[in-house]
Amino acid sequence: MTNINLLQSALNASSLRQQAISNNLSNAETPGYKAKQVVFEDILKQHISTQSNFVGKRTDSRHIEIGRPSYIPNAVTVEDTQTVMQNNGNNVDVDAEMTNMGKNALWYYTLTQQLTSEFQHLSIAIKGRS
């Protein structure tokens, strides 16, 4: 897994999180609506912790890859069914959602800056100058 692939996966998670937050805010007054959250960081931590530093050399395409898994973790949307914030069964906390939106915007900006840096490094490597 390359840094660019990982950053792409993180950007996809951030985009999915923005959609979930927007849906939650849009349905803040909808009776019975349950807030949704995007889980990515925990999945990524688990994925990284199970990776081995040992990588086998494949001499034939039919050999099984040893070491680094070939998949990239994806974000998952989960529904919070355990809490209730309002008498109508809705559990959207508008203040928490607005805070999450700000955090997500900052995270997205940081990821795009890092991705830009990765592409600049590739450009330098290809061109041989900055």
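In this text the structure is predicted, and so the values were computed from the model without any measurement.
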Output the distance between atom NZ (K103) and atom OG (S14), rounded to the nearest 0.5 Å.
-> 13.5 Å
Is a side-chain donor or acceptor of N104 paired with a backbone partner of N100 at a separation under 3.5 angstrom?
-> no
Using a cut-off of 6.0 Å, state whether more than 12 heavy atoms not belonging to Q113 lie near its atom CD.
-> yes
Could you tell me whether a side-chain N or O of N90 sits under 3.5 Å from a main-chain N or O of N27, the two making a donor and an acceptor?
-> yes
Cluster check M101, V94: I/L/V/M/F/W/Y, side chain < 4.5 angstrom = yes
Return the minimal non-hydrogen interatomic distance between N88 and E29, and the atom names on each side.
-> ND2-O, 3.8 Å
Test item: T99 side-chain N/O and D95 main-chain N/O as donor-acceptor pair under 3.5 Å | yes
Rounding to 0.5 Å, atoms CD (E118) and CG (L111) come to a distance of 11.5 Å
Is T83 reaching over with its side chain to a backbone N or O of N91, donor-acceptor style, under 3.5 angstrom?
-> no
Hphob cluster co-occupancy, L16 + L7, side-chain heavy atoms under 4.5 angstrom | no
Non-hydrogen side-chain atoms of E97 and V92 separated by less than 4.5 Å = yes
Flag, side chain of S26 to backbone of S22, donor-acceptor distance under 3.5 Å | yes
Side chain S123, main chain F119, donor-acceptor under 3.5 Å = no
Would a hydrophobic clustering, with Ile, Leu, Val, Met, Phe, Trp and Tyr connected at side-chain separations under 4.5 Å, put W107 with L115?
-> yes
Should K36 and E79 count as an ion pair when the cut-off is N to O under 4.0 Å?
-> yes
Is a side-chain N or O of K34 found less than 3.5 angstrom from the main chain of Q82, in a donor-acceptor match?
-> no
Short question: side chain of Q86, backbone of A28 - any donor-acceptor pair under 3.5 Å?
-> yes
Quick one: do V78 and F40 end up in the same hydrophobic cluster if we chain Ile, Leu, Val, Met, Phe, Trp and Tyr together by side-chain heavy atoms under 4.5 Å apart?
-> no
Between Q8 and N12, is any pair of side-chain heavy atoms under 4.5 Å apart?
-> yes
Residues V38 and A13: closest non-hydrogen pair is CG1-O, 4.0 Å
Quick check: does any side chain N or O of N24 sit under 3.5 Å from a backbone N or O of A35, one acting as donor and the other as acceptor?
-> no
Answer yes if L44 and Y108 sit in the same cluster of Ile, Leu, Val, Met, Phe, Trp and Tyr residues linked by side chain heavy atoms under 4.5 Å apart, and no otherwise.
-> yes
